[in-house]
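Worksheet: one structure, shown below.
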There are 2 protein chains.
Amino acid sequence: MLEPVAAPCCPPLTERPLSADEAERTAKMFKALGDPVRLRLFSAVASHEGGEACVCDISDVGVSQPTVSHHLKKLREAGLLTSERRGTWVYYRVEPSVLAAMGQLLSAAA
Amino acid sequence: MLEPVAAPCCPPLTERPLSADEAERTAKMFKALGDPVRLRLFSAVASHEGGEACVCDISDVGVSQPTVSHHLKKLREAGLLTSERRGTWVYYRVEPSVLAAMGQLLSAAA
DNA sequence: TGTCTATGTTGACGCCTATCGATACAGGTG
DNA sequence: CACCTGTATCGATAGGCGTCAACATAGACA
């Protein structure tokens with residue numbers, strides 16, 4: 001249903017102009033982080049001990065529970081987070097390769 | 001009218017959960033790059049020789065001229081680009097500090 | 001002054017999205 | 001089995017956003 005956005009995607013933004021296809025795929029990742037609530041959720045997961053967090057650990061961002069679930073789904077669809085149910089709770093963790101790819105896009109910035 | 005989004009904003013996303021204020025400001029930058037057309041325009045400017053580009057050099061992205069102008073304005077408002085008119089043409093260049101700040105947000109990704 | 005070119009702005013349209021309440025599902029406990 | 005808790009989905013609504021055509025503005029040049 002939702003394939004990862006291709007982790008090793010593109011060269012740094014400063015190297016050459018992105019093609020339409022590259023831009024389409026890459027923009028999805030940036031777009032996913034372009035919402036304050038999602039950014040807080042993502043940061044909460046990424047900074048949580050063990051690299052993963054239960055929804056119950058991070059859902060205190062000032063919006064309703066369905067909205068939190070909606071945003072976590074968006075982050076999953078963008079390939080930034082993965083989820084796994086273990087018993088009662090669902091745990092989210094960051095997708096390291098995708099995050100590294102995004103960092104590389106901005107890395108050669110100078 | 002449009003103040004820069006505070007270049008040295010926040011620690012890496014993996015260090016600690018972002019506050020609501022931090023997320024609000026940071027999300028604007030990611031959001032600005034969350035559109036394929038804007039991403040192509042930004043990449044075209046960033047990769048252009050001399051670090052700057054005339055609109056006429058980069059406006060071939062498959063949308064109308066007003067739309068290009070609209071997206072360039074969004075990138076300006078997000079603090080990612082600056083513009084300057086020199087004679088007939090308007091030149092855009094990347095704001096290095098802001099780009100570096102974004103890179104830092106994703107840098108410690110591991 | 002007038003005219004041409006290069007950009008920016010305006011107004012409108014349609015789509016996308018963030019948000020919520022209500023509801024459904026999954027898993028644990030009794 | 002029934003019940004409770006944690007999480008996801010559904011349906012609806014309001015606002016934001018990408019896009020365009022039309023118009024406005026700025027500079028160059030005659």
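Computation of the quantities below employed the complete heavy-atom set of this structure, encompassing side-chain atoms and omitting hydrogens, waters and symmetry-equivalent molecules. The structure presented is a predicted model; accordingly, all values stated were derived computationally and were not measured. Just so it is clear: chains get the letters A, B, ... in the order the sequence lines come, proteins before strands, and each one is counted from 1.
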Does a side-chain N-to-carboxylate-O contact under 4.0 Å join Arg86(A) and Glu52(A)? yes
Of Arg85(A) and Cys56(B), the one whose nearest nucleotide on DNA chain C sits closer to the 5' end is Cys56(B)
Taken in chain and number order and not counting sequence neighbours, the residues that satisfy salt bridge (Lys or Arg N to Asp or Glu O under 4.0 Å) with Glu49(A) are none
Table of protein N/O atoms under 3.5 Å from nucleotides 14-20 of chain C N/O atoms:
from    : atom 1 : to       : atom 2 : distance (Å)
dT17(C) : OP1    : Lys31(A) : NZ     : 3.0
dA18(C) : OP1    : Arg38(A) : NH1    : 3.4
dA18(C) : OP1    : Arg38(A) : NH2    : 3.0
dA18(C) : OP2    : Arg38(A) : NH1    : 3.2
dA18(C) : OP2    : His70(A) : NE2    : 3.3
dA18(C) : OP2    : Lys74(A) : NZ     : 3.4
dT19(C) : OP2    : His71(A) : NE2    : 2.3
dC20(C) : OP2    : Ser64(A) : N      : 2.8
dC20(C) : OP2    : Ser64(A) : OG     : 2.9
dC20(C) : OP2    : Thr67(A) : OG1    : 2.8

Which part of the nucleic acid does Tyr92(B) contact within heavy-atom distance under 4.0 Å: base, sugar-phosphate only, or nothing? sugar-phosphate
Quick one about Arg76(A) and Tyr92(A) (side-chain donor to acceptor, distance below 3.5 Å, no hydrogens or angles considered), yes or no? yes
Under 4.0 angstrom, heavy atoms only, what part of the nucleic acid is Thr88(B) near: base, sugar-phosphate, or nothing? sugar-phosphate
Nearest whole Å is fine: how far is dT5(C) C1' from Asp57(B) CG? 15 Å
Rounding to an integer number of Å, can you tell me how far Tyr91(A) OH sits from dG6(D) P? 12 Å
Is Trp89(B) near enough to dG27(D) that one of its side-chain N or O atoms lies under 4.0 angstrom from OP1 or OP2? no
Could you state the CG-C1' distance from Leu41(B) to dT7(C), rounded to the nearest angstrom? 14 Å
Set out, in order, the CA-CA distance, both residues' side-chain angles and the distance that settles side chain to side chain contact (heavy atoms under 4.5 Å, CB included) for Val90(B) and Glu84(B), then state yes or no. CA-CA 6 Å; Val90(B) 176; Glu84(B) 178 195 3; over 6 Å; no
Over how many whole Å does the gap from Glu84(A) atom CD to dG27(C) atom C1' extend? 15 Å
To the nearest Å, give me how far apart CZ (Phe30(A)) and C1' (dC17(D)) are. 19 Å
Under the 3.5 angstrom rule, does the side chain of Thr26(A) hit a backbone N or O of Glu22(A) as a donor-acceptor pair? yes
d(CD, Glu77(A); C1', dT9(D)) in whole Å: 13 Å
Could you measure the distance from the CG atom of Leu33(B) to the CG atom of Leu39(B)? Nearest 0.5 Å is fine. 6.0 Å
Take atom CG of Leu75(B) and atom C1' of dC17(D), then tell me their distance rounded to the nearest Å. 14 Å
In whole angstrom, give the distance that lies between atom CG of Leu81(B) and atom P of dT7(C). 15 Å
Backbone of Tyr91(B) reached by a side-chain donor or acceptor of Ser83(B) within 3.5 Å: no
